There are 2 protein chains.
Amino acid sequence: MSSAKTNAPSSPDAKPCKALGNILDRVGDKWTVMVVGNLSNGPMRFNALQRAVAGVSHRMLTLTLRGLERDGLVRRTAFATVPPRVDYELTALGHSLKPLLEVLAEWAKTNQVAIEHARELFDQ
Amino acid sequence: MSSAKTNAPSSPDAKPCKALGNILDRVGDKWTVMVVGNLSNGPMRFNALQRAVAGVSHRMLTLTLRGLERDGLVRRTAFATVPPRVDYELTALGHSLKPLLEVLAEWAKTNQVAIEHARELFDQ
DNA sequence: CAGTATCCAGTCGGATACTG
DNA sequence: CAGTATCCGACTGGATACTG
C-alpha cells in the first residue's frame with residue numbers, strides 16, 4: 001500500500017504536515033481502520049478477521065496486515081500446527097491508536113448528518 | 001462521548017466503523033488535510049493555497065476544494081472583479097475538524113520514530 | 001487455514017491547453 | 001486569476017489459482 005509517489009520530496013516548513021501525511025498514509029485507509037478496530041477487542045485469526053471486516057478481499061487483508069505489522073502496530077503469531085493458525089493482535093503502539101480512532105468516530109457520528117445535508121444542498 | 005456498545009444489538013462496533021469510513025474517505029487524504037490545515041489560519045485565495053500546499057496540482061486543488069465545499073467544510077466566495085478573486089475559508093464544521101487534526105498530528109509526531117524503527121527492523 | 005502470485009479493469013492524478 | 005476539459009500513464013485492488 002503506502003508507496004512512494006511522484007511528489008515533491010521536500011517542502012521547507014512542512015513539519016507537522018509531513019508527519020501527519022505519513023500517519024494518514026498508514027491509518028487513513030478503510031481496511032486499516034477496520035482491522036485495528038476489530039483487533040482492539042483482542043487477538044483474532046486471519047479468517048475471523050476477514051469475516052469481521054465486511055467486504056475485504058483476501059489479498060487486501062493480507063496486505064493491510066503486512067503493513068500494520070511492518071509499522072509495529074500489529075503482532076503476528078504463527079502456530080506450527082496443521083492446519084496452520086495465525087493470530088494477529090495489536091501491539092502497545094497499535095493500542096495507542098485506539099483513542100484516536102474513537103475521537104474520529106465520535107466526530108464522524110456527530111457530524112455525518114450535517115455533512116450529508118450539505119451534500120444534498122450542493123448536489124441539487 | 002463514545003459510550004458505544006450501550007445499544008449495539010448484533011455487531012459490536014460495526015456502526016462507528018461505517019461512519020468512520022465515510023469520514024476517512026473525506027479527511028484521510030493528503031490534500032484535504034493540508035488544505036484544511038492551511039485554511040485554519042484564515043481565508044485564502046486559490047493561488048495562495050496552491051503555493052502553500054506544496055506539490056498540489058491545479059487540478060487536484062480544485063477537486064479537493066470542491067469536495068470540501070460539497071461537504072460543507074469550506075465556504076467559497078467569488079468576487080466579480082477583474083481579474084476574478086475567490087476566497088476559501090473554513091466553515092464552523094471545517095473548524096471543528098482542526099482539533100482532530102492536531103490530535104492526529106501529535107500522535108504522528110510522538111510515534112513516527114517508533115514506526116520508522118519498526119519498519120527498519122521489518123525490512124532488513 | 002494462511003499466504004503468495006498473476007492478471008487485468010477501474011480509478012487516480014499530473015500535464016497540458018483552453019475559457020471567462 | 002480561477003476554473004474546466006482532455007489525455008494518458010501509474011497505481012489500486014478484486015478475482016482467481018496455486019502452495020505449504
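Computed from a prediction, not measured in an experiment: that's the story for all the values here. In what follows, every chain begins at residue 1, and chains take the letters A, B, ... in the order their sequences are listed.
Atom CG of A/D25 is separated from atom P of C/dC12 by 16 Å (rounded to the nearest Å). Spacing between atom CZ of A/R76 and atom C1' of C/dG3 amounts to 8 Å, rounded to whole angstrom units. Taking atom CG of residue A/L65 and atom P of nucleotide C/dA2, one finds them 11 Å apart after rounding to whole Å. Between the CG atom of A/D29 and the C1' atom of C/dC12 there is a distance of 15 Å, given to the nearest Å. Going from atom CE of A/M60 over to atom C1' of C/dG3 covers 15 Å, rounded to whole Å. In this entry the distance linking CH2 of B/W31 with P of C/dG13 reads 9 Å, nearest Å. Between A/K30 atom NZ and C/dT11 atom C1' there is a gap of 13 Å when expressed in whole angstrom units. To the nearest angstrom, P of D/dC1 lies 14 Å from CG of B/L61.
Contact annotation for B/Y88: backbone-only contact, meaning every heavy-atom pair under 4.0 Å involves sugar-phosphate atoms and none involves a base.
Counting all heavy atoms, side chain and backbone alike, A/M44 lies closest to A/A52 at CE-CB, 3.9 Å. Nearest heavy-atom pair across B/S40 and B/L90 is CA-CD1, 3.7 Å. Counting all heavy atoms, side chain and backbone alike, A/Y88 lies closest to A/V74 at CD2-CG1, 3.8 Å. A/G94 approaches A/V36 most closely through the heavy-atom pair O-CG1, 4.4 Å. The shortest non-hydrogen separation linking B/Q50 to B/S57 is NE2-C, 3.6 Å.
Salt-bridge annotation for B/E106 and B/K109: absent, with no side-chain N of the basic residue lying under 4.0 Å from a carboxylate O of the acidic one. In this structure, A/K30 does not pair ionically with B/D25, as no charged nitrogen and carboxylate oxygen lie closer than 4.0 Å.
Within residues 42-50 of chain A, the residues that place at least one heavy atom under 4.0 Å from DNA chain C are, in residue-number order, A/R45, A/F46, A/N47.
No side-chain donor-acceptor contact under 3.5 Å links B/T64 to the backbone of B/W31. A/T32 contributes no side-chain N or O that, together with a main-chain N or O of A/V27, makes up a donor-acceptor pair within less than 3.5 Å.
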With both pairing distances under 3.5 angstrom for Watson-Crick or G-U wobble, and | for a partner in another strand, the correct string for DNA chain D is ||||||||||||||||||||

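A side-chain contact (heavy atoms from CB on, under 4.5 Å) with B/R59 is found for exactly one of B/L61, B/L63, B/T62, namely B/L63.
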Quick one, give me the B/S/- string for nucleotides 15-20 of chain C, reading 5' to 3', where B means a protein heavy atom under 4.0 Å from the base and S means that only happens at the primed atoms, P, OP1 or OP2.
B----B

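Cation-pi contact between A/R70 and B/F122: absent, since separation from the ring centre below 6.0 Å together with deviation from the ring axis within 45° is not met.
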